[in-house]
Amino acid sequence: MKLDHIGIAVKDLEESRKFYGQVLGLKVSEPEDLPDRQLKICMVDMGVGGANIELLWPTHPDSAVAKFIDKKGPGMHHICYRVDDVAKKLEEIKAAGVKLIDEAPKPGAHHTLVAFIHPKSSGGVLTELSQPA
Ligand code: CO
């Protein structure tokens, strides 16, 4: 497993894109719409071998990320590990008694397959597993 990205919940996507792009001088992708998750996502590309930053902007007040921002404010939301086979990894960790948010992989950004582990089972850190396209 490798650290793939860190997800950051943002209140203002354009302001965050400016911070990472213009202020820090990093490469920020165009927003990708994920309507089923009520999100727009931008990736901050940290280059080969680096873990990326994923900016998460809620497109609906009822979305999980909007509720997160209401409760805790904007900021670090989750960490994501890259795995070769997310379905297989889910079976392994389920067998270890870990509480999952997603019992099966679902489509993520950039044609990945992803699943989330419940923070109750991961020391309070919302944890995503991602299988590249
Ligand atoms: Co993510």
Side-chain angles (χ1 to χ4, degrees):
M1 278 162 82
K2 262 189 186 156
L3 184 59
D4 185 82
H5 65 262
I6 295 169
I8 296 179
V10 306
K11 243 184 169 160
D12 183 327
L13 188 58
E14 280 319 303
E15 196 178 285
S16 292
R17 294 187 80 230
K18 263 186 212 152
F19 173 74
Y20 288 95
Q22 290 169 22
V23 178
L24 295 186
L26 300 168
K27 208 167 94 190
V28 183
S29 74
E30 289 300 313
E32 180 179 355
D33 206 5
L34 297 180
D36 57 325
R37 289 173 63 195
Q38 300 175 314
L39 280 179
K40 278 191 185 184
I41 280 180
C42 287
M43 278 308 210
V44 182
D45 187 347
M46 301 303 286
V48 178
N52 296 324
I53 302 291
E54 180 181 66
L55 306 177
L56 307 156
W57 182 72
T59 54
H60 193 280
D62 290 338
S63 75
V65 173
K67 285 178 186 160
F68 175 93
I69 291 173
D70 284 346
K71 220 167 128 189
K72 299 185 176 175
M76 235 199 85
H77 180 262
H78 67 270
I79 64 169
C80 176
Y81 299 101
R82 192 182 315 167
V83 296
D84 293 334
D85 185 338
V86 70
K88 191 175 153 222
K89 201 71 188 172
L90 278 181
E91 290 309 315
E92 285 171 20
I93 60 177
K94 218 193 296 183
V98 166
K99 191 174 154 104
L100 301 174
I101 291 176
D102 300 304
E103 296 283 329
K106 62 185 183 183
H110 308 298
H111 311 288
T112 53
L113 278 176
V114 304
F116 282 88
I117 298 170
H118 199 285
K120 274 187 182 151
S121 281
S122 48
V125 180
L126 179 60
T127 301
E128 178 182 19
L129 303 173
S130 171
Q131 174 184 331

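Worth knowing before you read on, the calculation uses all heavy atoms, side chains too, and leaves out hydrogens, waters and symmetry mates. Read the numbers this way: they start at 1 and go in the same order the structure lists the ligands and their atoms.
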Problem set entry | Salt bridge flag under 4.0 Å for residues E91 and K88 | no

Exercise. For E30 and R17, what are the C-alpha separation, side-chain angles and deciding distance, and is it a salt bridge (charged side-chain N to carboxylate O under 4.0 Å, His left out)?
Worked result: CA-CA 9 Å; E30 289 300 313; R17 294 187 80 230; 3.6 Å; yes

Problem set entry | Side chain to side chain, K106 and F116, heavy atoms closer than 4.5 Å | yes

For this session: Answer whether the closest heavy-atom distance between the side chains of V44 and V28 falls below 4.5 Å.
Result: yes

For this session: State whether a side-chain donor-acceptor pair under 3.5 Å links H5 with E128.
Result: yes

For this session: Please step through salt bridge (charged side-chain N to carboxylate O under 4.0 Å, His left out) for the pair K18 and E15, ending with a clear verdict.
Result: CA-CA 5 Å; K18 263 186 212 152; E15 196 178 285; over 6 Å; no

Exercise. For the Co ion (ligand 1), how many protein N, O or S atoms come closer than 2.8 Å?
Worked result: 4

